[in-house]
Amino acid sequence: MPGHLCIAEAAHFFYELCYTYCMRLNKYIASAGICSRRKADELIANGNVKINGTVIREMGAQVGEGDVVSVNGRILKHDTAKVYVAVNKPLGYITSMSDDKDRATVADLVADIPERLFPVGRLDYNTTGLLLMTNDGDLAHTLTHPGHEVNKTYIATVSGVVSNARLAKLRKGVDIGGFVTSPAQVRVLKQNPHSAVVEISIHEGKNRQVRRMFAAVGNKVQSLERVAIGDIRLGRLLQGHYRKLTRSEIDYLKSL
Ligand code: URA
């Protein structure tokens, strides 16, 4: 430490030193990509986290340079590079990082990216389209947190006729079994004799929500593709491929 510092300067010096080299433990765990900051707080409170071999339950604990942090015995590799990608999920992939039945997972679609990326939310096995993946645990948490969910837009091909009465129900909110959905934005893009192509935007993320909403009004979903998450669009991204998000797309997601 430089000599001849007054108390205020010394305090400032230590603050700067800490600001440069220390990070709050929950933030450190989240930015290693294993979970959100809130989940990290739970892990800390439950005694699952060690710094340099000692269990730490103190919420405000700081991690300094060279400290070794482990969660449930696993040492965290602190990867500060944040990666954000848009993936076009094909049919037959599960939205998970691994599968005990050895089915294809979305992790396979980004296997050539060295950072460990996690899906933001999920798409059903039989749903295709836009899935965001990142190692930014905090952003993933914010985007999927109930009450803070961003609008997601789907193109659904459904059986039968989507009449004005059915559209009105979907726009008002339907009971999908113990839960009444919020008003959806819906429009019929094409009505065929025995099926219809419909664009639907919702902001909630209940399990199989779009399929259950159409079932509630009497149409069966035959295929479902997610084409947008907020302003992030699937565009011409080919199925099974990914692209890195642009700086402005990342800033947009962080602003939500
Ligand atoms: N709604 C569904 O029914 N399935 C999805 O995968 C996403 C939204």
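None of these values were measured; they are calculated from a predicted model. Note that these values count all heavy atoms, side chains included, but never hydrogens, waters or copies made by symmetry. Indexing begins at 1, ligand by ligand and atom by atom, following the structure's order.
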Examine the side chains of [X] and [Y] and answer whether a donor and an acceptor come within less than 3.5 Å of each other.
| X | Y | value |
| --- | --- | --- |
| Asn48 | Glu42 | no |
| Arg211 | Thr127 | yes |
| Asp99 | Tyr93 | no |
| Ser159 | Gln222 | no |

task: Flag Tyr154 as yes when one of its N or O atoms lies below 3.5 Å from any N or O atom of ligand 1, and as no otherwise.
output: no
query: Any nitrogen or oxygen of Arg122, main chain or side chain, under 3.5 Å from a nitrogen or oxygen of ligand 1?
result: no
- prompt: When you look for heavy atoms under 4.0 Å from ligand 1, do you find them on the side chain of Thr127, its backbone, both, or neither?
  reply: side chain
message: Does only the side chain of Leu224 get under 4.0 Å from ligand 1, or the backbone, or both, or neither? Count heavy atoms.
response: side chain
Closest protein heavy atom (residue, atom, distance) for atom 1 (N) of ligand 1: Val210 N, 3.1 Å
Nearest-neighbour protein heavy atom for atom 6 (O) of ligand 1, which is reported as residue plus atom name and distance: Asp124 N, 2.8 Å
- request: Please report the C-alpha distance between Glu249 and Arg243 in whole Å, then the side-chain angles of each, then the deciding distance to 0.1 Å, and finally whether the salt bridge (charged side-chain N to carboxylate O under 4.0 Å, His left out) criterion is met.
  value: CA-CA 12 Å; Glu249 285 175 324; Arg243 67 173 178 85; 2.9 Å; yes
